[in-house]
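To keep things clear, I will list the structure first and then write my remarks on it.
Throughout, protein chains are lettered first and strands after them, A, B, ... in sequence-line order, and every chain is numbered starting at 1.
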Protein chains: 2
Amino acid sequence: MKMTGGVEWGLHCCVVLSSATEPVAAAKLAELHDVSATYLAKQLQLLSRAGLVRSAPGQSGGYLLTRPATEITVLDVVEAIDGPQPAFRCTEVRQRGPMAVPPDRCDTPCPIAAVMDTADRAWRESLRAVTIGAIAATVAATTPGELLDRARVWLSA
Amino acid sequence: MKMTGGVEWGLHCCVVLSSATEPVAAAKLAELHDVSATYLAKQLQLLSRAGLVRSAPGQSGGYLLTRPATEITVLDVVEAIDGPQPAFRCTEVRQRGPMAVPPDRCDTPCPIAAVMDTADRAWRESLRAVTIGAIAATVAATTPGELLDRARVWLSA
DNA sequence: TCATTGCGGATAACTTTTGTCCGTGATGAT
DNA sequence: ATCATCACGGACAAAAGTTATCCGCAATGA
């Protein structure tokens with residue numbers, strides 16, 4: 001089981017955008033993080049479709065967050081890029097084979113699927129509890145101020 | 001993000017094995033669940049390597065649980081088949097690009113990775129809290145007794 | 001002795017992820 | 001007005017992971 005790598009990129013981009021006052025071009029975000037520009041563009045488009053970021057075309061265009069970073073959860077970004085589907089998908093094996101239980105007796109959900117679903121909810125709940133703003137605050141608190149300043153300058157250059 | 005389908009098969013097999021007194025052949029488990037016999041064999045080998053099931057070669061051989069089903073958690077099966085790796089893998093993007101923070105300043109873990117790690121722990125904790133025995137009990141309680149009897153007969157036949 | 005069964009490796013089909021490329025349209029600077 | 005810059009979307013291709021299949025081997029019990 002592996003999450004798409006785009007999630008990591010998307011989260012880093014949102015953290016960067018949380019301290020941006022002017023639109024930041026996709027190419028700039030890609031260069032900053034040293035990742036494929038064309039592929040990152042795809043992920044940003046997903047964020048855009050999900051309504052997490054706003055895009056401005058044309059010269060001096062780029063991306064900005066649509067709302068305060070403290071109102072965007074990690075789960076928002078994960079679901080925007082990775083999709084809302086749970087990792088486990090029940091294929092109803094109990095309804096197959098020689099001992100198949102008839103569909104009309106399957107009123108209760110498969111217990112196995114129920115367990116996986118509970119775990120998935122716990123996972124999502126955990127991701128929902130943290131915002132981009134909180135992550136940005138941690139970054140600000142743990143990296144040397146000089147580095148942060150340089151980054152800010154580099155971004156607007 | 002998608003979990004390997006073998007996890008579902010492995011869980012169903014463990015539930016079946018929890019009420020078996022004699023070894024059950026891999027081919028039989030495959031037929032019972034109507035899945036690929038050769039591929040299921042691979043998953044069972046993973047369970048075997050993880051020490052969850054014991055295998056007996058030769059005629060009238062097959063698989064049995066190594067311990068009571070109440071002492072095997074869903075997480076045990078998931079990790080045996082899907083591997084122990086967390087879904088999110090930090091690639092340390094902060095150490096890349098023109099604004100890379102030097103490795104020696106990365107004493108604290110990447111906040112993004114930390115969030116994902118916490119969520120992963122919550123997920124695993126949730127799966128650890130449920131045993132195969134508990135699932136088997138639910139199955140026993142929600143399926144008609146006649147069906148259970150037929151299955152038991154079919155298994156030993 | 002022999003059929004049955006699990007084990008491990010090699011292999012291939014298939015799907016998903018990752019990444020590129022190009023044309024289009026919108027925007028602002030000159 | 002024109003032009004370079006940018007996001008958007010689709011088509012496409014490469015790489016990785018999943019889902020199988022097949023084979024020879026070793027072990028076991030009938």
Side-chain angles (χ1 to χ4, degrees), chain A residues 1-10 13 17 20 22-31 33-66 78 80-83 85 87-89 91 93 155 157, chain B residues 1-10 13 17 20 22-31 33-66 78 80-83 85 87-89 91 93 155 157:
Chain A
M1 185 174 50
K2 181 170 169 284
M3 183 179 308
T4 62
V7 169
E8 186 179 14
W9 299 4
C13 285
L17 290 178
E22 294 168 17
V24 182
K28 199 143 213 173
L29 289 169
E31 189 188 354
H33 294 129
D34 186 27
V35 296
S36 156
T38 55
Y39 190 40
L40 178 64
K42 296 290 187 196
Q43 321 297 340
L44 290 170
Q45 283 170 29
L46 291 174
L47 293 180
S48 177
R49 275 181 228 166
L52 300 181
V53 302
R54 185 177 68 83
S55 67
Q59 209 158 297
S60 78
Y63 290 96
L64 276 181
L65 296 184
T66 55
V78 168
I81 293 181
D82 209 53
Q85 297 185 330
F88 179 89
R89 296 158 210 185
T91 61
V93 301
L155 261 186
Chain B
M1 186 175 51
K2 182 167 169 285
M3 184 179 309
T4 63
V7 169
E8 185 179 14
W9 298 5
C13 285
L17 290 179
E22 295 168 17
V24 182
K28 199 143 212 172
L29 288 169
E31 188 188 354
H33 294 129
D34 187 26
V35 296
S36 157
T38 55
Y39 190 40
L40 179 64
K42 294 291 187 197
Q43 321 297 338
L44 290 171
Q45 284 170 29
L46 291 174
L47 293 180
S48 177
R49 274 181 229 168
L52 301 180
V53 302
R54 185 176 68 82
S55 68
Q59 209 158 297
S60 77
Y63 289 97
L64 275 181
L65 297 184
T66 53
V78 168
I81 294 181
D82 210 53
Q85 298 184 330
F88 179 90
R89 294 158 212 186
T91 60
V93 301
L155 261 187

| message | Taking the side chain as everything from C-beta on, heavy atoms only, tell me whether B:D34 gets closer than 4.5 Å to A:V93. | response | no

| message | Rounded to whole Å, please give me the gap between CD in A:E8 and P in C:dT18. | response | 11 Å

| query | Does anyone know the first and last nucleotide of DNA chain D in reach of chain A, 5' to 3', at under 4.0 angstrom to a heavy atom? | reply | D:dA4 to D:dT18

| Taking only side-chain nitrogens and oxygens of A:S36, does any of them come within less than 4.0 Å of OP1 or OP2 of C:dT18? | no

| field | Between P of C:dT18 and NZ of B:K2, the distance in whole Å | value | 15 Å

| message | Within the 4.0 Å heavy-atom criterion, would you say A:R49 contacts the bases, only the backbone, or no part of the nucleic acid? | response | sugar-phosphate

| task | Counting heavy atoms from C-beta on, name the nucleotide in C:dG19, C:dC7, C:dT5 closest to the side chain of B:P57. | result | C:dT5

| query | Checking all strands, does A:A41 fall into the base, sugar-phosphate, or nothing category for heavy-atom contacts under 4.0 angstrom? | reply | nothing

| task | Let me see the working for A:L40 and A:C13 under side-chain contact (heavy atoms from CB on, under 4.5 Å), right down to the final yes or no. | result | CA-CA 10 Å; A:L40 178 64; A:C13 285; 3.9 Å; yes

| said: Measure OH/B:Y39 against P/C:dG6 and give the value in whole Å, please. | reply: 18 Å

| task | Round to a whole Å and report the spacing from CG of B:L44 to P of C:dT5. | result | 14 Å

| CG of B:L47 versus P of C:dC7: gap in Å, rounded? | 10 Å

| task | Please tell me if the side chains of B:V53 and B:L44 come closer than 4.5 Å, counting only heavy atoms from C-beta onward. | result | no

| query | Rounding to a whole Å, what distance do you find between A:W9:CH2 and C:dT18:P? | reply | 8 Å

| query | Any idea which of C:dA3, C:dG19, C:dC7 is nearest the B:Q59 side chain? | reply | C:dA3

| request: Starting at atom CD1 of A:I81, determine the distance to atom P of C:dT16, rounded to an integer number of angstrom. | output: 19 Å

| task | Measure from the side-chain heavy atoms of B:Q45 and tell me the nearest of C:dA29, C:dG8, C:dT5. | result | C:dG8

| How many angstroms lie between atom CG of B:L17 and atom CG of B:L64, to the nearest 0.5 angstrom? | 6.5 Å

| note | Ranking A:R89 and B:A27 by the position along DNA chain C of their nearest nucleotide, the one closer to 5' is B:A27

| If only atom types and distance count, is the side chain of A:Q43 paired as donor or acceptor with the main-chain N or O of A:W9 below 3.5 Å? | no

| Is A:T38 near enough to C:dT20 that one of its side-chain N or O atoms lies under 4.0 angstrom from OP1 or OP2? | yes

| task | Please report the closest heavy-atom contact between A:A80 and A:L52, naming both atoms and the distance. | result | CB-CD1, 4.0 Å

| task | Using modelled atom types only, decide if a donor and an acceptor are shared between the side chain of A:S55 and the backbone of A:Y63 within a distance under 3.5 Å. | result | no

| message | Please compare B:S60 and B:D82 by the position of their nearest nucleotide in DNA chain D and report the one closer to 5'. | response | B:D82

| field | d(CE, A:M1; P, C:dT17) in whole Å | value | 13 Å

